[in-house]
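Keep in mind that the numbers below use all heavy atoms, side chains included, and drop hydrogens, waters and symmetry copies. What you see is a predicted model; the values in this text were computed from it and never measured.
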Amino acid sequence: MTDLHVVDATAEHVDDIVTVIHHAFSARRVLDPPSTALSENATTVAAAVAEHGGLLVLSDGAPVGAMLFEQTGDVLNLRRVSVDPRSQARGVASAMVGCAEEVAVRRGLSRVNLIARVELPDTVEFWRRRGYSVVDQQAHNLIYAKALPVELTVPTAEDMQAIAEQLAGQLRAGDLLVLSGDLGAGKTTFTQGLGVGLKVRGAVTSPTFVISRVHPSLSGGPALVHVDAYRLGGFAELDDLDLDASLEDAVTVVEWGHGIAEPLAQDRIEIVITRGDDDTDETRALRITPVGSRWAASGVRVSVLEKN
């Protein structure tokens, strides 16, 4: 198995990037209108790398893959995604895309976008398998997007509730949230913040002994359905709760839902809360991962609010 190395593009990589782009796009069938990729040269690539960055993939020291970045607002656009034809089917493109998503997360961006041609079914299928969704189409160009995880260090339970309240403002009826994490990490605390943000009736507490609670809205918005899957043996038992009847009309939160609740909806938000080794420390690691086309065009925007 060939060892692949993905490196951040710098000025010294410009010639290699141009070579990979030209090899990749010249091997593709001619499209109408044709791609402009073959017009890339050392000057245009150097400017793109200097302003926005990019990636180069090396195999045994030889360049086999490349892409350029263009950052607009909180979106990282992937451009000139290229694999040398001699290195196809060796995982080069997947390695590049995974690293590009990591770059976007490090930059604090909410989404990755790219353009793919509708006439290239293998390319379209590749992006679908990578979790990208079509959010627009402009003539022959399919606009793909993928929402990125949000990773935060949350100092206190109050901060956790405030983040959930921010997220609640981005939710609508039909949304599913799957919560997982350590015992006592703050899953119910997070759900309490959602309840405040959604303006629902009743105190949000752990529903362990009743499995599911419904909190109607006080403001004409969606109800909050709060489920605890801790004692459920699998999806069949969850399905017995008949959540489908309320799923489209409510925001549904399933604690301990990892590995059980995902079949309820292709579009969902997966939330993992992790506590530190020190039981006296309130600090938590929070990871919010939007999944599916529902979130591809917008992503999720939350942060730890600074206190005065």
Side-chain angles (χ1 to χ4, degrees), residues 2 4-73 75-104 107 109 111-146 296:
T2 303
L4 299 176
H5 294 277
V6 184
V7 299
D8 292 320
T10 65
E12 68 184 64
H13 299 132
V14 166
D15 289 341
D16 286 339
I17 293 173
V18 173
T19 298
V20 173
I21 290 174
H22 280 247
H23 282 171
F25 280 86
S26 62
R28 295 183 183 181
R29 66 185 179 89
V30 178
L31 302 176
D32 183 20
S35 170
T36 59
L38 295 178
S39 66
E40 296 286 5
N41 55 50
T43 300
T44 61
V45 169
V49 168
E51 185 171 2
H52 299 288
L55 296 174
L56 178 69
V57 185
L58 301 172
S59 175
D60 297 328
V64 295
M67 70 165 61
L68 300 175
F69 297 150
E70 182 178 345
Q71 185 173 327
T72 55
V75 178
L76 185 67
N77 298 285
L78 309 185
R79 300 177 54 246
R80 308 309 193 204
V81 181
S82 307
V83 177
D84 189 295
R86 295 165 294 183
S87 298
Q88 294 283 357
R90 289 166 55 187
V92 176
S94 292
M96 266 196 303
V97 174
C99 290
E101 291 171 3
E102 292 175 4
V103 168
R107 293 185 184 185
L109 307 180
R111 287 175 292 138
V112 173
N113 279 20
L114 62 106
I115 296 174
R117 291 292 290 262
V118 70
E119 309 98 316
L120 301 174
D122 289 345
T123 301
V124 168
E125 176 62 14
F126 170 81
W127 292 111
R128 187 195 66 79
R129 290 198 313 269
R130 292 290 312 185
Y132 286 74
S133 301
V134 176
V135 296
D136 194 12
Q137 181 169 355
Q138 300 170 0
H140 298 280
N141 291 328
L142 297 174
I143 314 302
Y144 278 88
K146 182 178 182 180

To the nearest 0.5 Å, how far apart are CD in Glu101 and CG in Leu78? 8.0 Å

Looking only at non-hydrogen atoms, find the nearest pair between Ala27 and Pro85 and report the distance. CB-CG, 3.4 Å

Residues which pass side chain to side chain contact (heavy atoms under 4.5 Å, CB included) with Glu125, listed by chain and number, not counting sequence neighbours: Arg128, Arg129

Identify the two heavy atoms, one from Val20 and one from Ala66, that lie closest to each other, and give their separation to 0.1 Å. CG1-N, 3.8 Å

What pairs with Arg130 under side chain to side chain donor-acceptor pair (under 3.5 Å), at least two apart in sequence or on another chain? none

Can you check whether Gly91's main-chain N or O pairs, donor with acceptor, with Ser94's side chain at less than 3.5 Å? no

How about Asn77 and His52: do any of their side-chain heavy atoms sit closer than 4.5 Å? no

If you take all heavy atoms of Leu56 and Leu58, which pair is closest and at what distance? CD2-CD2, 3.8 Å

Nearest-0.5 Å distance, NE2 of residue His23 to OG of residue Ser82: 11.5 Å

Mind checking whether Val103 and Asp8 have side chains closer than 4.5 Å, heavy atoms only? yes

Does any part of the side chain of His13, heavy atoms only, come nearer than 4.5 Å to the side chain of Val49, both counted from C-beta? no

Spacing of CZ belonging to Arg29 relative to CG belonging to Leu120, to within rounding of 0.5 Å: 5.5 Å

So which atom in Leu68 and which in Glu40 form the shortest heavy-atom distance, rounded to 0.1 Å? CD1-OE2, 4.4 Å

Using a 4.5 Å cut-off on heavy atoms from C-beta on, say whether the side chain of Asn141 contacts that of Val118. no

Gap separating the CE atom of Met67 from the CE atom of Met96, nearest 0.5 angstrom: 4.5 Å

For Val92 and Ser87, which heavy atoms make the closest approach, and how far apart are they? CG2-O, 3.7 Å

Closest heavy-atom pair and its distance - Leu55, Ala100: CD1-N, 3.7 Å

What orientation do Tyr144 and Trp127 show, parallel under 30°, tilted 30 to 60°, or perpendicular over 60°? tilted

Under 4.5 Å between any side-chain heavy atoms of Ser26 and Leu38, yes or no? yes

From the options Val124, Asn113, Val97, select the one residue that forms a side chain to side chain contact (heavy atoms under 4.5 Å, CB included) with Tyr132. Val97

How long is the gap from CZ on Arg90 to CG on Leu4, to the nearest 0.5 Å? 6.5 Å

Atom pair OG/CZ of Ser35 and Arg80 - distance to nearest 0.5 Å: 5.0 Å

Any heavy-atom pair between the side chains of Arg117 and Leu142 that's under 4.5 Å? no

Derivation and outcome, side-chain contact (heavy atoms from CB on, under 4.5 Å), residues His140 and Leu31: CA-CA 10 Å; His140 298 280; Leu31 302 176; over 6 Å; no

Less than 4.5 Å apart, any side-chain heavy atom of Gln71 and any of Leu109? yes

Tell me if the CZ atom of Arg86 is crowded by more than 12 foreign heavy atoms within 6.0 Å. no

Is there a donor-acceptor pair closer than 3.5 Å between any side-chain N or O of Asp136 and the backbone N or O of Ile143? no

